[in-house]
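First listed ligand is number 1; within each ligand, the first listed atom is number 1. The figures that follow rest on heavy atoms only: side chains count, while hydrogens, waters and symmetry mates do not.
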Amino acid sequence: MTDAAPPAYQGPQRVFSGMQPTNGLHLGNYLGALQKFVRLQDQYDCIYCIVDLHAITVGPDPKELTNRCREVAAAYIAAGVDPKKSIVFIQSAVREHTELTWVFNCVARMGWLERMTQFKDKAGKHAERSSVGLFDYPVLQAADILLYKATHVPVGEDQKQHLELSRDIAQKFNNDYGRADFFPLPEPLIQGPGARIMSLRDGSKKMSKSDPSDMTRINMTDDEATILSKIKKATTDPLPVPEAEEGLKGRAEVENLVGIFAAVTERSVADVLAEYGGKGFGVFKPALAEALAAKLSPIAGEMRRLTGDPGALDAILKDGAERARAIAGPIMAEVRDVVGFWRA
Ligand code: TRP
């Protein structure tokens, strides 16, 4: 056979995703990431990481870093990630992440990284004063994924460019070392509704923990009364809920609320509009608040219980790190062979 297409990656399907160890997780983190992580467990072997190596790219935080990691671990588990089935671990506990990053640093091109919009946004006007780590952030992310030969990566819209970079790195590594099927080219999993959760006050801005106003977001730990008051005060317009999806065009805040309702009740947008179309927000908003509270309150309670017992949480994380190492170790050993590093 001549001119055969390079053999497609034949290995197992595997999901990898990561979240920064931040406190102040909000609805965007839940619907955009956690809820999806939970669902994927039925379909794939999943590895969920808490990326503390990424966290130090923007500054030191030695007193709080571990607790932040624990809080995110608690959120994963409280949301429904089953740490017996899926692997939940802290990135820095598996040293191979940094080792593979170095190899990938020598594969990735400066020009590729210079195009990363997240770096430009985070570095702002003074790129020369940001850490080299911040510039290298997407290479570490590629190493996270490919260290497990993950094939699918649930991420938000904002991480699409980083995923493309991971594919480029995988492809170039495979080409440079003449191993066409060594690394899979990981696919993003970005499905709506809930792909992009916006501020409750401004439908053009992402819901974010760094917004100075707490009224723009629903925190995972907000109680029912707080949720109700935030939703009631959320920006809308004088028109009723539209009857069909076309009616959401140009109404970013309404589209966001309907999207949240659909995501949190695991229904389609069309289905939500079929029920609420033509009704006013005086009806829609309390129903939305109730659905949110019903979803988030038990999760917040479980998060409190889990963070209240750091010993038990650490045991889960230790088990996760061991299982992660059991996959990463042999793959890193293979990479070392492919690259030609000395083997004792
Ligand atoms: N950069 C991702 C974010 O901010 C977090 C992350 C780090 C990640 N490593 C990853 C996501 C690997 C997916 C896969 O959301």
Side-chain angles (χ1 to χ4, degrees), residues 13-37 40 44-59 65 68-69 71-73 75-76 79 81 86-94 96-98 100-101 104-105 108 113 116-123 131 133-170 183-191 194-197 206-210 320 324 327-328 331:
Q13 308 257 300
R14 187 175 277 150
V15 160
F16 184 99
S17 197
M19 260 170 87
Q20 294 247 12
T22 49
N23 45 19
L25 292 173
H26 54 74
L27 186 65
N29 302 116
Y30 177 69
L31 294 178
L34 297 172
Q35 183 171 268
K36 294 189 174 133
F37 295 178
L40 288 165
Y44 296 95
D45 289 332
C46 298
I47 305 175
Y48 296 127
C49 185
I50 300 143
V51 296
D52 57 345
L53 298 173
H54 281 104
I56 65 167
T57 59
V58 287
L65 189 57
R68 286 170 178 235
C69 288
E71 182 158 340
V72 173
Y76 278 144
V81 170
S86 301
I87 296 176
V88 176
F89 78 107
I90 296 178
Q91 189 186 30
S92 66
V94 180
E96 287 86 351
H97 286 254
T98 45
L100 186 59
T101 298
F104 284 174
N105 278 339
L113 292 182
M116 294 294 116
T117 57
Q118 184 168 300
F119 174 76
K120 289 187 223 171
D121 291 347
K122 282 199 188 173
S131 72
L134 188 66
F135 187 66
D136 205 32
Y137 179 117
V139 178
L140 175 58
Q141 183 164 346
D144 293 342
I145 298 163
L146 295 166
L147 183 56
Y148 302 89
K149 295 191 176 179
T151 51
H152 295 82
V153 184
V155 281
E157 201 79 49
D158 61 331
Q159 293 297 309
K160 246 169 123 172
Q161 196 187 30
H162 286 168
L163 243 303
E164 277 157 26
L165 184 90
S166 300
R167 296 168 64 88
D168 289 343
I169 290 174
F183 283 122
L185 307 185
E187 298 281 350
L189 296 173
I190 304 174
Q191 306 124 328
R196 211 164 139 79
I197 305 297
K206 241 180 88 163
M207 186 176 285
S208 163
K209 78 154 191 157
S210 52
I327 301 170
I331 293 177

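- Every residue two or more places apart in sequence or in another chain was checked for a side chain to side chain contact (heavy atoms under 4.5 Å, CB included) with Glu164, and none qualifies.
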With the criterion set at N/O pairs under 3.5 Å, what does the list of contacts between the protein and ligand 1 look like, atom names and distances included?
residue	atom	partner	partner atom	Å
ligand 1	1 (N)	Tyr137	OH	2.7
ligand 1	1 (N)	Gln141	OE1	2.9
ligand 1	1 (N)	Gln159	OE1	3.0
ligand 1	4 (O)	Tyr137	OH	3.2
ligand 1	9 (N)	Asp144	OD2	2.7

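- Checking Glu187 against Thr151 by side-chain atom types alone, no donor-acceptor pair falls below 3.5 Å.
- Aromatic rings of His162 and Phe119 (six-membered ring for Trp) have centroids beyond the 6.0 Å cut-off, not under it.
- Applying the side-chain hydrogen bond (donor to acceptor under 3.5 Å, both in side chains) rule to pairs touching residues 13-25 yields Gln20-Tyr137, sequence neighbours excluded.
- With sequence neighbours left out, Ser131 forms a side chain to side chain contact (heavy atoms under 4.5 Å, CB included) with Thr57, Leu134.
- For His54 and Gln141, the side-chain atoms include no donor-acceptor pair closer than 3.5 Å.
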